[in-house]
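Structure first, commentary second.
Values below: all heavy atoms of this structure, side chains included; hydrogens, waters and symmetry mates excluded. This structure is a prediction, so every number in the text was calculated from the model and none was measured.
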Amino acid sequence: MVTVGIAVENSPAASDGVVGQGITRAEARRQADALSDLGRALFFDPSLSGSGKVSCSSCHDPGHAFGPPNALAVQLGGGDLHQPGVRAVPSLKYLQAVPPFTEHFFESEDDADESIDNGATGGLTWDGRVDRGGEQAKIPLLSDFEMGNRDDADVARRLLAAGYGKTIAAIAGPDRQADPLTVYQTALKAIEVFEQDYRTFYPYSSKFDAVLAGQATLSAQEARGRDLFEAPDKGNCASCHVSQRGNDGTPPQFTDYGLIALGVPRNPDIPANRDLHYFDLGLCGPLRSDFAGREEYCGLFRTPTLRNVALRQTFFHNGVFHSLRQAVEFYVERETDPGYWYRHRADGSIDKYDDLPQAAKTNVNMDPPFDRHPGDKPALSPSEIDDVVAFLKTLTDGYGRTKTP
């Protein structure tokens with residue numbers, strides 16, 4: 001008999017806390033299918049929220065690459081649906097290859113210099129504070145400004161009230177649905193397994209993927225955009241948003257998973273920013289607490305994949321921009337025309353990198369195209385920006401899909 005492990009706490013096949021010991025491969029597949037089906041149901045069920053009106057899909061909409069369905073910088077939630085968040089909602093697609101968070105990441109590719117410390121890398125959230133989908137699912141479920149549950153027992157109560165007890169019992173064991181912790185943990189694992197469905201969350205079905213497979217060709221503008229995207233003296237986008245296949249032939253993820261400070265402008269549409277002393281500093285807090293006081297980490301946020309970026313209506317961690325073209329413009333004009341992007345102080349001077357306290361401004365990345373100075377020519381012209389945007393649109397999943405009534 002071949003045995004495999006399915007990481008579901010308190011499974012009837014669990015032994016000494018290690019789940020899945022002694023079950024056949026077929027049984028493991030059935031358990032995984034059951035978890036995925038449950039996770040899918042939970043993902044779209046608003047009854048798990050304090051208001052009864054917010055589901056995971058409310059903010060992670062399948063029609064927008066499991067990102068926000070609107071142009072709001074932050075979403076509203078909580079028990080009364082009036083509590084604003086503090087960050088833009090990220091996409092849940094293409095997270096399957098994100099490495100666990102580490103302060104010191106070393107490349108393992110054959111052609112990379114494995115001695116180079118790439119610094120803080122990985123994790124699933126904007127600040128990399130969780131590594132697994134189940135841990136990530138806890139955040140909105142227990143957040144005061146998202147789904148608004150008090151604790152895990154509150155989530156378990158809602159799960160049973162919504163009629164999931166029988167399904168959970170079939171997965172975790174008939175005697176376990178009375179245990180709130182088991183109910184809660186099974187639900188978290190189910191959401192995690194659902195989000196590992198490649199057909200839904202990482203199908204690699206964009207035009208760019210079709211080009212890689214020899215089934216499509218970039219237009220002249222898209223090809224120019226790709227060249228500009230990759231050129232170190234132009235967009236230099238690929239230095240962080242890796243656009244080449246891995247050595248093992250895997251499609252590019254369009255991210256290096258690193259955490260970086262970009263110095264994006266402060267967003268006045270976020271209610272928390274009305275407090276002039278409040279700053280969202282990413283890796284060093286306030287939502288992440290283990291690196292509080294580590295000044296070298298302040299202002300760093302994880303580089304997201306650019307796959308499906310054209311479906312977004314909010315960009316960067318604070319949702320300050322609302323068009324893809326504007327986001328690209330910021331990259332090439334941040335240093336050449338800072339007066340356009342940042343607010344001015346009372347004395348008329350420019351408060352550059354105005355969403356960071358003074359001490360954290362030294363962390364802002366200055367690699368190309370950020371190596372220019374006020375008055376310099378931007379790295380990309382307006383027509384070249386259009387070309388890059390055209391290329392980025394080829395990263396949207398569903399290319400060639402036939403629409404049915």
Side-chain angles (χ1 to χ4, degrees), residues 4-11 14 17-20 32 35-36 39 42-43 56 59-60 65-67 85-109 117-143 146-147 152 155 181 184-198 200-202 240-242 246 250 253-261 280-292 294 296-305 307 317:
V4 295
I6 295 288
V8 183
E9 291 82 0
N10 302 311
S11 154
V18 179
V19 178
L35 281 165
S36 184
L42 298 177
F43 193 89
C56 302
C59 294
H60 297 285
F66 289 88
V86 294
R87 290 178 183 162
V89 174
S91 170
L92 294 180
K93 295 193 80 171
Y94 294 96
L95 298 180
Q96 80 287 350
V98 179
F101 175 81
T102 178
E103 292 187 73
H104 306 285
F105 183 75
F106 296 89
E107 294 283 358
S108 59
E109 294 284 355
D117 184 352
N118 291 283
T121 301
L124 296 182
T125 57
W126 280 113
D127 54 21
R129 69 187 185 277
V130 296
D131 294 329
R132 299 290 299 261
E135 291 296 309
Q136 186 276 328
K138 289 182 182 180
I139 296 174
L141 282 168
L142 302 180
S143 168
E146 294 183 76
M147 298 181 78
D152 52 4
V155 178
L181 181 59
Y184 177 61
Q185 290 178 337
T186 304
L188 296 178
K189 178 54 62 178
I191 293 171
E192 178 176 318
V193 172
F194 168 58
E195 292 176 359
Q196 292 170 352
D197 178 3
Y198 75 91
T200 302
F201 288 93
Y202 50 104
C240 292
H241 298 283
V242 180
T250 55
Q253 303 302 309
F254 285 90
T255 176
D256 64 356
Y257 314 112
L259 287 95
I260 187 173
D280 185 353
L281 298 178
L283 189 48
C284 81
L287 298 186
R288 180 167 187 160
S289 59
D290 52 336
F291 293 124
R294 293 281 297 275
E296 73 274 24
Y297 284 160
C298 292
L300 274 65
F301 293 87
R302 188 169 64 77
T303 300
T305 177
R307 286 179 172 275
H317 71 277

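- Of the inter-residue distances, the one linking Ser36 atom OG with Lys189 atom NZ reads 12.5 Å to the nearest 0.5 angstrom.
- Residue Gln253 comes nearest to Tyr257 through the heavy atom pair CG-OH, 3.0 Å, listed as atom of the first residue, atom of the second, then distance.
- In this structure the side chain of Val130 never reaches within 4.5 angstrom of the side chain of Lys138, judged on heavy atoms.
- Separating the CG atom in Leu281 from the NE2 atom in His317 is a distance of 8.5 Å, to the nearest 0.5 Å.
- By the 4.5 Å heavy-atom criterion applied to side chains, Thr125 and Arg302 are not counted as neighbours.
- In this structure, Glu103 and Arg294 have side chains that are in contact, with non-hydrogen atoms separated by less than 4.5 Å.
- Shortest non-hydrogen contact noted between Gly128 and Phe101 is O-CB, 3.4 Å.
- Of all non-hydrogen atoms in Phe194 and Phe201, the two that sit nearest each other are O-CE1, 3.3 Å.
- The closest side-chain heavy-atom distance from Glu192 to Arg132 is below 4.5 Å.
- Note that CG of Leu142 and CE of Met147 are 10.0 Å apart. Values are rounded to the nearest 0.5 Å.
- Side-chain contact between Arg87 and Leu287: present, with at least one pair of heavy atoms (C-beta onward) separated by less than 4.5 Å.
- Across Ala65 and Ser91, no two heavy atoms sit closer than the pair O-OG, 2.6 Å.
- Side-chain atoms of Arg288 come within 3.5 Å of backbone N or O of Asp127 as a donor-acceptor pair.
- Here the side chains of Thr305 and Lys93 are not in contact, with every heavy-atom distance at 4.5 Å or above.
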Legend entry - Test log, rule side-chain contact (heavy atoms from CB on, under 4.5 Å), inputs Leu95 and Glu195: CA-CA 9 Å; Leu95 298 180; Glu195 292 176 359; 5.8 Å; no
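- Side-chain contact between Cys240 and Thr255 is absent, with no heavy atoms from C-beta onward closer than 4.5 Å.
- At least one donor-acceptor pair under 3.5 Å links the side chain of Tyr202 to the backbone N or O of Gln196.
- In this structure, CD in Gln136 is found 12.0 Å from CG in Asp131, a value given to the nearest 0.5 Å.
- Without hydrogens or angle criteria, Thr121 side chain to Gly119 main chain gives a donor-acceptor distance under 3.5 Å.
- Across all non-hydrogen atoms, the minimal contact from Trp126 to Ala88 is NE1-O, 2.9 Å.
- In this structure, CG in Leu188 is found 9.0 Å from CG in Asp152, a value given to the nearest 0.5 Å.
- Closest approach of Phe291 to Leu283, counting heavy atoms only: CB-O, 3.5 Å.
- Atom CG of Leu259 is separated from atom OG1 of Thr102 by 11.0 Å, given to the nearest 0.5 angstrom.
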